[in-house]
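Have a look at the structure below, then the notes.
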Amino acid sequence: MSCLFCRIVAGEIPATKVYEDDTVIAFRDLHPQAPLHVLVVPKVHVSTLNDLEGQHDALVGVMVRRAAEIAKEHGYTERGYRTVFNCNGDAGQTVFHIHLHVLAGRGLAWPPG
Ligand code: 5GP
Ligand code: ZN
């Protein structure tokens, strides 16, 4: 298995988990860009947003709702936070297994760089 996030899902590579159920796993980013930087990752492999199909609609909803729940658990509901899916080169996607970034704990510039 060559996909990094599939290997984390399988427990072959360690990660600092903040949440796990049958559908998704969430863990701390190795190179955090904010005081809270968590990745919400589906257990099923989907390479990019371009590969999503109708069968994944509920999964994406689960990921987004989980991101909001993680922000809430860390106290950022009112202050605010950012969620990001990067897709392919111009967006800077480096791991080709979809993941939702959850960033919080500092002012985040807009538009992004
Ligand atoms: P992307 O750039 O694809 O949107 O995000 C990939 C993220 O995965 C990056 O923020 C990067 O720091 C993180 N990352 C890369 N390798 C690892 C790893 O082995 N463990 C963890 N926890 N995060 C990783
Ligand atoms: Zn994968």
Side-chain angles (χ1 to χ4, degrees):
M1 196 194 297
S2 61
C3 170
L4 177 65
F5 286 175
C6 281
R7 295 186 70 188
I8 288 176
V9 166
E12 294 175 11
I13 293 175
T16 306
K17 287 179 205 172
V18 301
Y19 179 82
E20 182 171 13
D21 63 22
D22 290 344
T23 308
V24 299
I25 184 171
F27 51 84
R28 302 247 178 205
D29 196 290
L30 196 58
H31 303 291
Q33 301 301 314
L36 178 71
H37 189 173
V38 167
L39 304 173
V40 181
V41 177
K43 290 195 166 179
V44 65
H45 180 89
V46 179
S47 297
T48 79
L49 289 195
N50 296 331
D51 302 299
L52 287 171
E53 299 174 358
Q55 61 174 323
H56 301 122
D57 287 356
L59 173 63
V60 174
V62 165
M63 292 172 70
V64 173
R65 220 157 58 75
R66 182 51 49 192
E69 190 61 33
I70 289 167
K72 183 179 179 182
E73 285 168 7
H74 289 82
Y76 292 113
T77 296
E78 298 304 326
R79 187 173 156 186
Y81 55 94
R82 182 166 295 163
T83 56
V84 177
F85 281 106
N86 291 321
C87 182
N88 280 339
D90 274 4
Q93 185 176 4
T94 58
V95 178
F96 288 85
H97 176 135
I98 60 168
H99 47 280
L100 183 55
H101 294 259
V102 185
L103 297 139
R106 67 173 176 87
L108 297 161
W110 192 264

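Remember, predicted model here, so these are calculated numbers, not experimental data. Read the numbers this way: they start at 1 and go in the same order the structure lists the ligands and their atoms.
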Beyond-backbone contact of [X] with [Y], side-chain heavy atoms, under 4.5 angstrom:
{"X": "His101", "Y": "Asn86", "answer": "yes"}
{"X": "Arg106", "Y": "Leu108", "answer": "yes"}
{"X": "Pro42", "Y": "His56", "answer": "no"}
{"X": "Leu103", "Y": "Gln33", "answer": "yes"}

With the Zn ion (ligand 2) at the centre, find the angle made by SG from Cys6 and ND1 from His45, to 10°.
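SG of Cys6 and ND1 of His45 make an angle of 110° at the Zn ion (ligand 2), to the nearest 10°.
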
Nearest 10°: the angle subtended at the Zn ion (ligand 2) by Cys3 SG and His97 ND1?
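That angle is 110°.
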
Gln93 N/O under 3.5 Å from ligand 1 N/O:
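Checking ligand 1 against Gln93, no N or O pair falls under 3.5 Å apart.
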
Is there any N or O on Gly92 that sits under 3.5 Å from an N or O of ligand 1?
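Yes: some nitrogen or oxygen of Gly92 is under 3.5 Å from one in ligand 1.
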
Report whether Ile25 and Val64 are members of the same hydrophobic cluster (ILVMFWY, side-chain heavy atoms less than 4.5 Å apart, transitive linking).
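Looking at the clustering, Val64 is in a separate group from Ile25.
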
Do Phe85 and Leu52 belong together in a cluster built from hydrophobic side chains that touch within less than 4.5 Å?
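Same hydrophobic cluster.
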
Where is the nearest protein heavy atom to [atom]: which residue, which atom, and how far?
{"atom": "atom 9 (C) of ligand 1", "answer": "Asp29 OD2, 3.3 Å"}
{"atom": "atom 17 (C) of ligand 1", "answer": "Leu4 CD2, 3.7 Å"}
{"atom": "atom 24 (C) of ligand 1", "answer": "Leu30 CB, 3.7 Å"}

Tell me which one of Lys17, His101, Arg28 gets a heavy atom nearest to atom 4 (O) of ligand 1.
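Among Lys17, His101, Arg28, the closest heavy atom to atom 4 (O) of ligand 1 belongs to His101.
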
Candidate with minimal heavy-atom separation from atom 8 (O) of ligand 1, of Ile13, Leu39, Thr48
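When every heavy atom of Ile13, Leu39, Thr48 is considered, Leu39 comes closest to atom 8 (O) of ligand 1.
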
Partner of Val24 under side chain to side chain contact (heavy atoms under 4.5 Å, CB included), chosen from Val9, Leu59, Val41
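For Val24, the side chain to side chain contact (heavy atoms under 4.5 Å, CB included) check succeeds only for Leu59.
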
Can you tell which of Asp51, Val46, Asn50 makes a side chain to side chain contact (heavy atoms under 4.5 Å, CB included) with Ile98?
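Of Asp51, Val46, Asn50, side chain to side chain contact (heavy atoms under 4.5 Å, CB included) with Ile98 is met by Val46 alone.
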
Using a 4.0 Å heavy-atom threshold (strictly under), name the region of [X] that reaches ligand 1: side chain, backbone, both or neither.
{"X": "Phe27", "result": "side chain"}
{"X": "Phe5", "result": "side chain"}
{"X": "Thr94", "result": "both"}

Work out whether the distance between some heavy atom of His99 and some atom of ligand 1 is less than 4.0 Å.
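Per 4.0 Å heavy-atom rule, His99 contacts ligand 1.
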
Between CG of Leu49 and CD of Gln93, what distance do you get to the nearest 0.5 Å?
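Spacing of CG (Leu49) from CD (Gln93) equals 7.0 Å.
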
